Amino acid sequence: MRVLVTGGAGFIGSNLVDALVARGDEVVVLDDLSTGKRENLAAAGDRARLIVGSVADAEAVEAAAAGCELIYHEAAIASVQRTVETPLDTNLVNLGGTLNVLEAARAVGARRVVFAGSAATYGDNPDMPLRETATPRPLSPYAIEKLASEQYVRVWAELFGLETVTLRYFNVFGPRQDPGSPYSGVISIFVDRLLRGQVPTIFGDGGQTRDFVYVADVVQANLLAGTQPGISGRVFNIAGGGQTSLLELYGHLRDLIGGPERPAFAEARAGDIRHSLADIAAARAALGYAPSVPVAVGLSRLVDAVRASR
Ligand code: NAD
Ligand code: UD1
């Protein structure tokens, strides 16, 4: 089958591309390489064809989608900070890009679109574990763009009979996640610092928790969401289904890499969410999703991969 992965040169997208190629698919990647990298597609070899272009360009999206049966829409400006600073620009990519993908899917007669949503759409909701039915309360332009995209994705299934699915990712971690900015995923930053012999900083007391999910499980969820019948129009949380505090996280990484007994501490980030935990029952029941990589195991795999790449 021919599959389009927008954002396929990025962290999650490229891990998905590898899995699609491994099962024999022919993959087209549309990516503007703004945060993605060509080298992330090296492992996929010539079974993945990269088209450098933007999802904000409707013609480029339709050209990339030609002949594709299935479309994974992973491309986005994933930096919350950037969406706060330049919402007009990020809306064109994060919302406009989604609409372009849906319209391209219709134009080329694709069967299904799977969209990368975000737990950010929940905002700071104390009602844990978070279920898909919770009232969304976006707290950033990023979260609004993801929520509005989800609505387009759902309505395109109802209006046009296109099969569509949204996966709301929680805190994803794994190889190829870029530690380059202060707003990168905390695990990528901590691993990078510890391997350089630097001391990571915990913002706040370290008691905050996240529902971390290893990228291989996110890939598993995407493969299932691409094929499972009877799920069109639905939204699923994709997470590990457990809570890990930052202090626990630091402890695991210290066991794997070494480092000082205590990290550095700094003032809590403004607007930081205290706890995050997903209810993944819907994904288990409807997709057959079963996270298989516990956080400690994923951390060990990540550290091995980062060491090997240096
Ligand atoms: P990433 O930045 O590594 O990947 C995004 C990819 O999209 C990059 O390759 C980038 O170059 C590409 N891209 C950006 N703007 C583009 C444009 N205009 N046209 C074409 N390509 C463009 O980030 P990621 O963590 O792999 O995120 C993948 C998706 O998952 C994003 O939609 C993100 O919002 C979503 N998400 C990620 C997480 C997480 O924990 N990493 C959590 C929730 C949702
Ligand atoms: C994540 C998403 C964000 C989304 C939010 C919704 C990522 C990278 N970010 O943010 O897009 O809006 O979920 O809930 O996936 N921390 C440190 N030290 C560091 C870096 C981070 O202590 O050097 C802390 C943060 O303050 C936070 C926790 O680690 O408490 C996790 O941070 P981060 O990985 O940035 O993710 P979220 O804040 O959950």
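Position 1 is the first residue of the sequence, and the numbers go up from there. Everything numeric in this text was worked out from a predicted model, so none of it was measured. Counting starts at 1 for both ligands and their atoms, in listed order.
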Problem set entry | Test item, R176 contacting ligand 1 (heavy atom, 4.0 angstrom) | no
Problem set entry | G53 touching ligand 1 at heavy-atom level, < 4.0 angstrom | yes
For [atom], what is the nearest protein heavy atom, given as residue, atom name and distance?
atom                    : result
atom 41 (N) of ligand 1 : I12 CD1, 3.8 Å
atom 5 (C) of ligand 1  : A76 O, 3.8 Å
atom 5 (C) of ligand 2  : A120 CB, 4.4 Å
atom 30 (O) of ligand 2 : D272 OD2, 2.5 Å
atom 18 (N) of ligand 2 : T201 O, 2.7 Å
atom 3 (C) of ligand 2  : V80 CG2, 3.8 Å
atom 10 (C) of ligand 1 : T35 OG1, 3.2 Å
atom 14 (O) of ligand 2 : I273 CD1, 3.6 Å
atom 34 (O) of ligand 1 : Y142 OH, 2.6 Å
atom 38 (O) of ligand 2 : R210 NH2, 3.6 Å
atom 35 (O) of ligand 2 : R269 NH1, 3.5 Å
atom 40 (O) of ligand 1 : V172 N, 3.0 Å
atom 34 (O) of ligand 2 : V186 N, 2.7 Å

Heavy-atom count check: over 12 atoms from other residues, nucleotides or ligands less than 6.0 Å from [X] [atom1]?
X    : atom1 : answer
D272 : CG    : yes
R274 : CZ    : yes
R111 : CZ    : yes

Counting only nitrogen or oxygen atoms and a 3.5 angstrom limit, does [X] reach ligand 2?
X    : answer
F203 : yes
L246 : no
Y142 : no
S118 : no
N171 : yes

Hey, are [Y] and [X] close enough side-chain-wise for a donor-acceptor pair under 3.5 Å?
X    : Y    : value
N222 : Y169 : yes
Y142 : R82  : no
E163 : S232 : no
Q208 : S245 : no
T90  : T83  : no

Exercise. Salt bridge (Lys or Arg N to Asp or Glu O under 4.0 Å) between R176 and D18: does it pass, once the steps are laid out?
Worked result: CA-CA 12 Å; R176 300 182 191 150; D18 286 349; 2.8 Å; yes
For this session: Of the side chain and backbone of F170, name the one, both, or neither that has a heavy atom under 4.0 Å from an atom of ligand 2.
Result: neither
Got an N/O contact under 3.5 Å between [X] and ligand 1?
X    : answer
K146 : yes
A78  : no
E74  : yes
I77  : no
N171 : no
F11  : yes

Below 4.0 angstrom from a heavy atom of [X], which ligand 2 atoms are there? Numbered from 1 as shown, please.
X    : answer
G185 : 8 (C), 34 (O)
I202 : 22 (O)
Y183 : 8 (C)

With rounding to the nearest 0.5 Å, note down the distance linking [atom1] in [X] to [atom2] in [Y].
X    : Y    : atom1 : atom2 : result
S149 : L95  : OG    : CG    : 4.5 Å
Q177 : T35  : CD    : OG1   : 11.0 Å
C68  : R112 : SG    : CZ    : 15.5 Å
F190 : I257 : CZ    : CD1   : 11.0 Å
H73  : L102 : NE2   : CG    : 7.5 Å
Y250 : T201 : OH    : OG1   : 10.0 Å

Element-labelled atoms of ligand 1 that are located less than 4.0 Å from some non-hydrogen atom of [X]:
X    : answer
V55  : 17 (C), 18 (N), 19 (N), 20 (C)
G36  : 8 (C), 9 (O), 10 (C), 11 (O)
L33  : 11 (O)
S54  : 17 (C), 18 (N), 19 (N), 20 (C)
F170 : 40 (O), 42 (C)
A9   : 9 (O)

For this session: For I189 and P182, work out which heavy atoms get closest and say how close.
Result: CD1-O, 3.7 Å
For this session: Work out which heavy atom in V235 is nearest to a heavy atom in E132; give both atom names and the distance.
Result: O-CG, 3.3 Å
Problem set entry | Side-chain (R168) to main-chain (A119) donor-acceptor, under 3.5 angstrom | no
For this session: For N15 and F11, indicate whether the former's side chain and the latter's backbone hold a donor-acceptor pair under 3.5 Å.
Result: yes
For this session: Counting heavy atoms only, name the option from V80, T6, D32, I187 that's nearest to atom 13 (N) of ligand 1.
Result: D32
Problem set entry | Per atom 7 (O) of ligand 1, closest listed option by heavy atom (G10, A239, G117, A75) | A75
For this session: Establish, yes or no, whether a centroid distance under 6.0 Å links the rings of Y289 and F236.
Result: no
Exercise. Does some non-hydrogen atom of the protein lie less than 4.0 angstrom from atom 24 (C) of ligand 2?
Worked result: yes
Exercise. Under 4.0 Å from atom 9 (N) of ligand 2, do we find at least one protein heavy atom?
Worked result: no
For this session: Determine whether any heavy atom of F190 lies closer than 4.0 Å to an atom of ligand 2.
Result: yes
